[in-house]
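In the text below, chain A, chain B and the rest are named by the order of the sequence lines, each starting its count at 1.
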Protein chains: 2
Amino acid sequence: MKRTTIEDVAKHANVSKSTVSQYLNNRFDYMSSKTRKRIEQSIIELNYQPNILARGLKQKTSSTIGVIVANILHVFSTQVIRAIEDYCNKRDFHVIVCNAEDDPVKEKRYIEMLRAKQVDGIIVFPTGGNVELYKEIKKSNYPVVFMDRLLPEVPVHSILLDNELAAELAVDEFVKNGHRQIGLVSPPLETKVTPRLERLEGFKKALEKHHMEYNPDYIIDGKISSIKDKLKDFLALPNPPTAVLAINDRTLLEILKYAKENDINIPETMALIGIDDVSYASIYNPTLTTIEQPTFEMGKKAVQVLFELMEGKNRKIEPEVHRFEPKIIVRESSEERLMQNE
Amino acid sequence: MKRTTIEDVAKHANVSKSTVSQYLNNRFDYMSSKTRKRIEQSIIELNYQPNILARGLKQKTSSTIGVIVANILHVFSTQVIRAIEDYCNKRDFHVIVCNAEDDPVKEKRYIEMLRAKQVDGIIVFPTGGNVELYKEIKKSNYPVVFMDRLLPEVPVHSILLDNELAAELAVDEFVKNGHRQIGLVSPPLETKVTPRLERLEGFKKALEKHHMEYNPDYIIDGKISSIKDKLKDFLALPNPPTAVLAINDRTLLEILKYAKENDINIPETMALIGIDDVSYASIYNPTLTTIEQPTFEMGKKAVQVLFELMEGKNRKIEPEVHRFEPKIIVRESSEERLMQNE
DNA sequence: CTGAAAGCGCTTACAG
DNA sequence: CTGAAAGCGCTTACAG
């Protein structure tokens, strides 16, 4: 099945390839309406569709961008992808989605594949393992936007949550409700992933603001599979935390599993707030207080900035970190202590 | 920033473009190890990366496939995408992800864009609105695989859950636990989407198997936003259902919202099973009995079949419907009736 | 107003 | 064992 090409159309319409090309690119300035009609007709009759690859080869563009997410199974990634997709669709761009699984080797491969495929720009959740590569890319002026994470060594336009504020909102709410011993549960902190570090930092600052001491015993971090064990130790402390901040949806789920298995009362024994909105927040018993990220806005901003870079608009501008405000949705899991005594 | 091309490498290594191309395509049969080393060296020094678009133009392949999902926010879609991604990555293929939002117009645009971009094959969750288009595609022998949904008018290799079995498993479990009035909650049934129709069909057959009558009053279907209202009518029936099957994760969530807002006891007042595994199934109070789909296997099968089509292996074979078995995970929400009397 | 020619960066018979 | 030439399907000055 040979596909019909511009040449077929040209023959059919009795004009040259050039003229058909002019037509395709809407350069009607010097085209008689007769030829124009003939070409139009031929295209319909032959069901012609231009080969975008060939056009791209000549024009050095692929009308495609790449998105490399850390983990496509995270709801956050999905929502960001959707926002990017929407935006690109309106501009007749395509998006190639890559799932690096937080593996720098995969990340590198993807970047090379994407560039070999001449994508016009890349939005990436950087793993942190390819600093040199990103430095090169930046030097070559290739359009890149970072999502969710920073690489301190490589200043690039980045889209981030105001992570410190996210933690602060949670601590404020806990303090308001009478808590003085507040814990935090996180995936491994030594991986140096921006959101975790910044949320921890915001947590510390918020404690300070409320004149409370930071107690390392109240911090859990480790692989998801180890969290339940660590929670046990945590609650066996002589003076266990009465409130806990789950740094993301995955840790929140582990905490809830532990609570379920061990009949921990929420919020009586342990109040709870989770960063990331989860689908079940408003149906859980108790309903869950969460800190929401404006995921769609963040995704949209990322493509907007990328398109500006691709159009050469903001190349000169010093790369910025675009921060987005989280919002607390107060529900039952963070309710006031000792409610029953009121 | 001009990218380095095969010509640059050729000059640098003092050979012709042809020879470099031979090298790139691993045709070493007639190449002296000297030239081979020289080329190798030049490629490294110049940091050369072949332009895959140009290669594709010549070879008439793009090493890319397209995936058009009905809604990227569904967990099912995400997991399928991930499986496809994994598989493609191993074969140095890329995947362009498109989100049709169940809109036939968008779907059509995406298909045309993808073909214009010369993708080698497409996996699609068809909306049902582009029968003519798919007929044409099929006639042209272009590799396509349907996911999750069938188009009766267009036989194409399709990957589906055994939807009737999914409903049957749920009904069996309810019946085993003493229920005789079983309801079903679904998004709009008039949209003729395969999973809904087949699940309803399986539901009816299972009732029959157990010598129970099918009662249309026990069926809710409608827009997600209307489900809570309809549940109210439903439970106000003189003889309301004592057990309800949620046909997917979205309807399950609505049922749980309604139950929460109206203090409906699960499973005492209303037992519950949901098709689709949800993240919170094992932490909800009560834990939720669900019917799981083997999403990763299904995604993997879809790419495998697509690759076979692209390699021309199974073009002749009559298109098959590949069915996958769901699995019931029994938890608390479907527990036996009148437990408290035991 | 329209066409011939060159070129985008590759690959592939074919000649030598 | 290696190179010159043609061609993939477009676009774009440029000539007429």
Side-chain angles (χ1 to χ4, degrees), chain A residues 1-40 42-43 46-64 92 112-113 115-120, chain B residues 1-40 42-43 46-64 92 112-113 115-120:
Chain A
M1 255 292 292
K2 204 176 155 301
R3 299 204 51 171
T4 82
T5 72
I6 201 171
E7 183 138 29
D8 303 326
V9 178
K11 273 185 195 148
H12 190 275
N14 240 316
V15 295
S16 75
K17 289 193 301 176
S18 322
T19 309
V20 179
S21 179
Q22 307 285 19
Y23 174 89
L24 292 173
N25 293 285
N26 295 315
R27 312 206 131 280
F28 299 133
D29 315 8
Y30 304 101
M31 195 176 298
S32 70
S33 65
K34 262 187 300 179
T35 45
R36 183 173 161 175
K37 290 243 175 64
R38 271 216 311 284
I39 295 175
E40 202 173 314
S42 301
I43 287 179
L46 300 175
N47 189 21
Y48 169 70
Q49 290 230 300
N51 179 332
I52 296 188
L53 254 46
R55 174 182 296 168
L57 181 58
K58 184 68 187 170
Q59 292 186 160
K60 295 177 174 302
T61 151
S62 59
S63 312
T64 307
D92 272 350
E112 283 167 356
M113 276 174 76
R115 298 207 65 187
K117 217 162 242 170
Q118 317 300 114
V119 303
D120 300 327
Chain B
M1 253 293 293
K2 202 176 157 298
R3 299 205 52 171
T4 81
T5 73
I6 201 171
E7 183 137 31
D8 303 325
V9 177
K11 274 184 193 148
H12 190 274
N14 239 317
V15 294
S16 76
K17 289 192 302 174
S18 321
T19 310
V20 179
S21 179
Q22 308 285 18
Y23 173 91
L24 291 174
N25 292 287
N26 294 316
R27 312 206 132 280
F28 299 133
D29 316 5
Y30 303 101
M31 195 178 296
S32 70
S33 66
K34 263 187 301 179
T35 45
R36 183 173 162 176
K37 290 244 175 63
R38 268 215 314 283
I39 294 174
E40 203 173 316
S42 300
I43 287 179
L46 299 177
N47 189 23
Y48 169 70
Q49 289 230 303
N51 179 332
I52 296 187
L53 253 47
R55 173 183 296 167
L57 181 57
K58 183 68 189 170
Q59 292 185 160
K60 295 178 173 300
T61 151
S62 60
S63 312
T64 306
D92 272 351
E112 283 167 357
M113 276 175 77
R115 298 208 66 186
K117 217 164 243 169
Q118 317 300 115
V119 303
D120 300 326

How close or far is atom [atom2] of [N] from atom [atom1] of [X], stated in whole angstroms?
| X | N | atom1 | atom2 | value |
| --- | --- | --- | --- | --- |
| Lys117(B) | dC10(D) | NZ | P | 15 Å |
| Arg115(B) | dG9(D) | CZ | C1' | 16 Å |
| Lys60(A) | dC10(D) | NZ | P | 18 Å |
| Asp8(A) | dG9(D) | CG | P | 9 Å |
| Glu7(B) | dC8(C) | CD | C1' | 11 Å |
| Leu53(A) | dG9(D) | CG | C1' | 10 Å |
| Gln118(A) | dG9(C) | CD | P | 9 Å |

Item checked: Working for side chain to side chain contact (heavy atoms under 4.5 Å, CB included), residues Tyr23(B) and Ile43(B) -> CA-CA 10 Å; Tyr23(B) 173 91; Ile43(B) 287 179; 3.5 Å; yes
Under 4.5 Å between any side-chain heavy atoms of [X] and [Y], yes or no?
| X | Y | answer |
| --- | --- | --- |
| Val15(A) | Val20(A) | yes |
| Leu46(A) | His12(A) | yes |
| Leu24(B) | Ile6(B) | yes |
| Pro50(B) | Ile52(B) | no |

Next item on the list: Toss me the dot-bracket line for DNA chain C: Watson-Crick and G-U wobble, both under 3.5 Å, 5' to 3', using | for pairs to another strand and [ ] for crossers.
Entry: |||.||||||||.|||
Checklist line | Phosphate-side-chain proximity, Tyr23(B) and dC1(D), N/O vs OP1/OP2 below 4.0 Å | finding: no
Margin query: Taking only side-chain N and O atoms of Thr19(A), does any of them lie within less than 4.0 angstrom of OP1 or OP2 on dT2(C)?
Written below: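 Checking Thr19(A) against dT2(C): no side-chain N or O falls below 4.0 Å of OP1 or OP2.
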Check: Asn14(B) or Tyr48(A): which one's nearest nucleotide on DNA chain D is closer to the 5' end?
Finding: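 So the residue in question is Asn14(B).
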Checklist line | Position toward the 5' end of DNA chain D (nearest nucleotide), Arg38(B) or Asn51(A) | finding: Arg38(B)
Notebook entry, point to check: When every nucleotide of nucleotides 11-16 of chain D is labelled 5' to 3' by its protein contacts under 4.0 Å (heavy atoms), B for base, S for sugar-phosphate only, - for none, what sequence of letters results?
Noted result: BB----
Margin query: Could you walk me through whether Ser18(A) and Ser21(A) satisfy the side-chain hydrogen bond (donor to acceptor under 3.5 Å, both in side chains) test, starting with their C-alpha distance in whole Å, then the side-chain angles of each, then the deciding distance to 0.1 Å, before giving a yes or no?
Written below: CA-CA 5 Å; Ser18(A) 322; Ser21(A) 179; over 6 Å; no
Next item on the list: To the nearest 0.5 angstrom, please state how far the NZ atom of Lys11(B) sits from the OG1 atom of Thr4(B).
Entry: 12.0 Å
Item checked: Candidate pair Asp92(A) and Ser63(A), rule side chain to side chain contact (heavy atoms under 4.5 Å, CB included), full reasoning -> CA-CA 7 Å; Asp92(A) 272 350; Ser63(A) 312; over 6 Å; no
Check: Step by step, would you call Thr64(B) with Lys117(A) a side-chain hydrogen bond (donor to acceptor under 3.5 Å, both in side chains)?
Finding: CA-CA 10 Å; Thr64(B) 306; Lys117(A) 217 162 242 170; 3.0 Å; yes
Next item on the list: For the side chain of Ser16(B), starting at C-beta, report the closest nucleotide among dT2(D), dG3(C), dG3(D).
Entry: dG3(D)
